[in-house]
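This chain uses plain numbering: 1 for the first residue, then up along the sequence. What you are looking at is a predicted structure, and each value in this text was computed from that prediction instead of being measured.
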Amino acid sequence: MGMAQMPLSKPLNLPSLGDTERQELSPLIERKLGEEIMYDIRSNKDYLDDAPTLEYLNTLGNTLVSAHPGARGEAGFNYFFFAVRDGQLNAFALPGGFIAVHSALLLAAQTESELASVLGHEIGHVAQRHIARQLGQQKQDALIPLAAMILAILAAKSSPDAAMGVMMGGQGLAIQRQLNFGRDAEREADRVGFQIMGEAGFETSGMVAFFQRMQTASRNYSDLVPAYLLTHPLTTERIADIQARIREQPYKQRLDSLAFYLVRSRARVLQDLSTQGLAESIQYFEGLMEQDNRQQKTAGQYGMAFAMFKKNDFAAAQRWLDKARATIDAPMPAGTFGMGKRDNAPTVFLHLSLDIKLAQETRPEMVAAALKEATAAHQQYPLSRGIAHQYAEAMIASGQHEEAARFLREQAQLYREEPEVHDLLAKAYSKQGKMALQHMALAESYTLQGGTLAALDQLNLARKSSDASFYDQAQIDARERELKQRRKDAMGDKYKEP
């Protein structure tokens with residue numbers, strides 16, 4: 001009760017529980033376990049490898065992390081936020097700072113602060129190292145079957161014999177049940193998340209609003225309990241705890257970003273790309289456009305553009321995108337509240353604009369327009385990973401293969417963990433007829449995605465290529481030795497520290 005009455009302005013000073021347990025599960029092992037799980041998640045078809053969505057979630061998530069010095073915990077984890085295609089309301093944290101949001105939860109969040117409350121809660125689990133404390137009681141050898149179990153669940157989804165295809169939500173549910181956090185850990189994550197939200201400038205009431213809606217759903221639909229409540233047991237005490245904290249804080253209002261609405265439109269389309277799913281999305285966007293709200297109307301028009309793009313109707317997609325931009329860029333009526341700096345989510349619009357042009361690579365005028373737009377966009381937003389990838393695609397489509405390869409080699413040095421960079425580099429080399437370098441680039445891509453055997457196959461093809469130089473052969477041999485040692489380690493005690 002004393003903790004519940006503590007004002008936000010004072011540091012929580014949450015205890016580091018279970019120190020002796022955590023000594024058995026080091027941050028290095030915890031991160032390695034998370035990376036192993038992520039290898040398989042990234043290769044799963046329901047991983048939303050959508051640049052604007054990833055960019056938005058990581059911008060939002062890292063805004064929360066940066067606002068609270070202790071959010072990275074004593075392990076100093078680098079967080080990675082991502083989305084998975086799933087109809088169940090859920091989110092989960094993996095070992096080592098990887099945090100997932102289900103597409104259904106992204107759509108269910110009515111405000112950006114509600115979404116921030118979910119991310120903040122999951123950050124709390126990571127910062128307090130609840131996973132390490134849960135697993136630390138076990139010997140490190142026990143982590144190997146745990147990882148195998150998680151990966152087997154993910155692999156089972158691709159099996160046609162799986163009952164209607166096990167949903168990613170079921171996978172997240174299995175993960176969380178295996179790492180079942182107790183009530184104390186859930187309360188601790190709530191409190192850390194609450195403090196992070198407040199320090200990042202979000203409405204802390206969003207946490208209670210989200211919890212209460214989940215609780216109402218569980219009462220009204222007893223046989224359809226939201227997965228979030230199964231993996232994060234919700235009690236009246238938890239809600240009362242947060243409400244007590246909110247009452248002690250001055251009211252704070254935060255306007256939702258336009259990117260929040262646009263990314264939700266993308267998620268709605270990506271959640272179901274079937275003919276029926278696209279039709280339902282279009283119907284939903286038509287309803288949004290009837291609302292007397294600039295952001296909602298823009299989100300409806302943008303959603304229509306994205307849906308048309310997915311239907312390969314590029315002319316219609318461009319028309320709707322132009323309408324969305326015109327709606328958000330229209331002058332505000334005189335005296336309108338909030339006439340401050342306009343938020344027009346430029347990179348989200350640019351990404352779709354470039355996609356529409358790059359999809360029409362048989363039309364020279366579209367390729368030329370894409371290159372011009374991508375060049376300007378990359379210069380203006382050099383840190384946008386999605387724009388950087390599209391810039392490379394535009395150079396390749398325009399025949400600037402050497403320039404593209406040079407740019408991508410630089411990107412590969414700066415962003416070593418991005419398989420997309422190596423895929424594009426392989427494409428640029430292929431256009432130049434540099435087969436050895438193409439296979440070497442693909443080997444790096446497969447390595448980053450956990451496909452060690454596939455990477456070794458690519459290195460073998462590179463070695464056999466007629467254009468492989470002496471220097472290339474030396475690189476191939478060195479990389480092959482490294483990957484074979486990695487595979488040997490993976491078959492043995494890979495979670496044991498030397």
Side-chain angles (χ1 to χ4, degrees), residues 35 38-40 42-43 47 49 51 54 351 354-355 357-362 364 367-368 370-375 377-379 382-490:
E35 289 172 348
M38 283 303 300
Y39 283 146
D40 221 63
R42 283 192 175 100
S43 64
Y47 171 72
D49 189 14
L54 286 170
H351 196 279
L354 286 168
D355 268 350
K357 294 177 177 65
L358 289 169
Q360 304 175 72
E361 59 181 358
T362 58
V367 173
L371 180 60
K372 181 179 179 181
E373 187 172 353
T375 302
H378 178 63
Q379 290 175 349
L383 297 181
S384 171
R385 303 308 307 134
I387 296 297
H389 298 163
Q390 289 178 310
Y391 175 47
E393 287 185 54
M395 282 192 285
I396 294 171
S398 301
Q400 299 182 13
H401 304 136
E402 183 55 43
E403 294 86 344
R406 188 183 306 114
F407 171 74
L408 288 165
R409 283 194 295 269
E410 293 172 355
Q411 292 289 299
Q413 290 297 315
L414 292 171
Y415 304 96
R416 297 177 181 274
E417 302 301 315
E418 289 187 359
E420 296 89 349
V421 172
H422 296 282
D423 287 335
L424 287 168
L425 188 55
K427 185 176 181 180
Y429 284 143
S430 175
K431 295 288 187 179
Q432 294 176 283
K434 298 180 178 180
M435 304 310 296
L437 293 176
Q438 176 193 353
H439 292 303
M440 291 169 68
L442 285 175
E444 294 307 310
S445 174
Y446 292 146
T447 299
L448 289 171
Q449 297 177 70
T452 305
L453 279 177
L456 288 169
D457 287 341
Q458 289 297 319
L459 289 177
N460 188 42
L461 291 172
R463 179 183 290 106
K464 295 177 180 178
S465 299
S466 60
D467 62 339
S469 67
F470 177 80
Y471 177 72
D472 293 334
Q473 294 285 4
Q475 278 193 309
I476 292 167
D477 290 343
R479 191 61 168 142
E480 185 179 59
R481 285 193 297 271
E482 184 180 345
L483 292 181
K484 284 183 176 179
Q485 183 62 47
R486 178 181 298 186
R487 177 163 170 74
K488 181 180 178 181
D489 293 342

- For the student: nearest non-hydrogen atoms of Ala404 and Ala392, plus distance: CB-O, 4.2 Å
- Spacing of Ile396 atom CD1 and Gln432 atom CD [to the nearest 0.5 Å]: 9.0 Å
- Item | Sidechain N-carboxylate O distance under 4.0 Å for Arg463, Glu480 | yes
- Looking only at heavy atoms, the pair that brings Gly386 and Ala51 closest together is CA-CB, 3.7 Å
- Item | Polar contact flag, side-chain donor to acceptor under 3.5 angstrom, Gln390-His378 | no
- Message: One pair to check against salt bridge (Lys or Arg N to Asp or Glu O under 4.0 Å): Lys427 and Glu393. What are the steps and the verdict?
- Response: CA-CA 9 Å; Lys427 185 176 181 180; Glu393 287 185 54; 5.4 Å; no
- Item | Check: Ile387 main-chain N/O paired with Ser384 side-chain donor or acceptor under 3.5 Å | yes
- Item | Distance, nearest 0.5 Å, that separates CG of Asp457 from OH of Tyr446 | 9.5 Å
- Is any side-chain heavy atom of Met440 less than 4.5 Å from a side-chain heavy atom of Gln458? no
- Measure across Leu459 and Ile476 and return the closest heavy-atom pair with its distance rounded to 0.1 Å. O-CG2, 3.6 Å
- Between CG of Leu354 and OH of Tyr391, what distance do you get to the nearest 0.5 Å? 12.0 Å
- Item | Interatomic distance, Leu437 atom CG to Leu425 atom CG [nearest 0.5 angstrom] | 8.0 Å
- Stepwise, does the side-chain contact (heavy atoms from CB on, under 4.5 Å) test hold for Gln400 with Leu371? CA-CA 10 Å; Gln400 299 182 13; Leu371 180 60; 3.3 Å; yes
- Message: Walk me through whether Arg481 and Lys484 qualify under side-chain contact (heavy atoms from CB on, under 4.5 Å).
- Response: CA-CA 5 Å; Arg481 285 193 297 271; Lys484 284 183 176 179; 5.9 Å; no
- Tell me, with the steps shown, if Arg487 and Leu453 meet side-chain contact (heavy atoms from CB on, under 4.5 Å). CA-CA 8 Å; Arg487 177 163 170 74; Leu453 279 177; 3.7 Å; yes
- Side chain proximity check, Gln411 to Arg385, heavy atoms < 4.5 angstrom: yes
- Which value, rounded to the nearest 0.5 Å, describes the distance between Ser430 atom OG and His401 atom NE2? 9.0 Å
- Item | Short N-O contact, Glu402 and Arg409, less than 4.0 angstrom | yes
- Note on the structure: All heavy atoms of Asp467 vs all of Met435, minimum pair found to be OD2-N, 3.0 Å
- Message: Under a plain distance cut-off of 3.5 Å, with no hydrogens placed, do Gln473 and Ser469 share a side-chain donor-acceptor pair?
- Response: no
- Message: We want to know whether Glu420 and His389 form a side-chain donor-acceptor pair, criterion being a heavy-atom distance below 3.5 angstrom.
- Response: no
- At their closest point, which heavy atom of Tyr39 faces which heavy atom of Leu448, and how far apart are they? CE2-O, 3.0 Å
- Message: Please determine whether a side-chain nitrogen of the Lys or Arg among Glu403 and Arg406 lies less than 4.0 Å from a carboxylate oxygen of the Asp or Glu.
- Response: no
- Determine whether more than 12 heavy atoms belonging to other residues, nucleotides or ligands lie under 6.0 Å from atom CD of Gln449. yes
- Query: Below 4.5 Å, heavy atoms only, C-beta onward: do Arg486 and Thr447 meet side chain to side chain?
  - Reply: yes
- Query: Heavy atoms, side chains only, cut-off 4.5 Å: are Arg42 and Asp49 in contact?
  - Reply: no
- Item | Spatial distance of atom CG (Leu408) from atom OH (Tyr429) [nearest 0.5 Å] | 8.5 Å
- Main-chain N/O of Ala441 paired with Ser445 side-chain donor or acceptor, under 3.5 Å: no
- Shortest non-hydrogen contact from Asp472 toward Ala436: OD2-CB, 4.4 Å
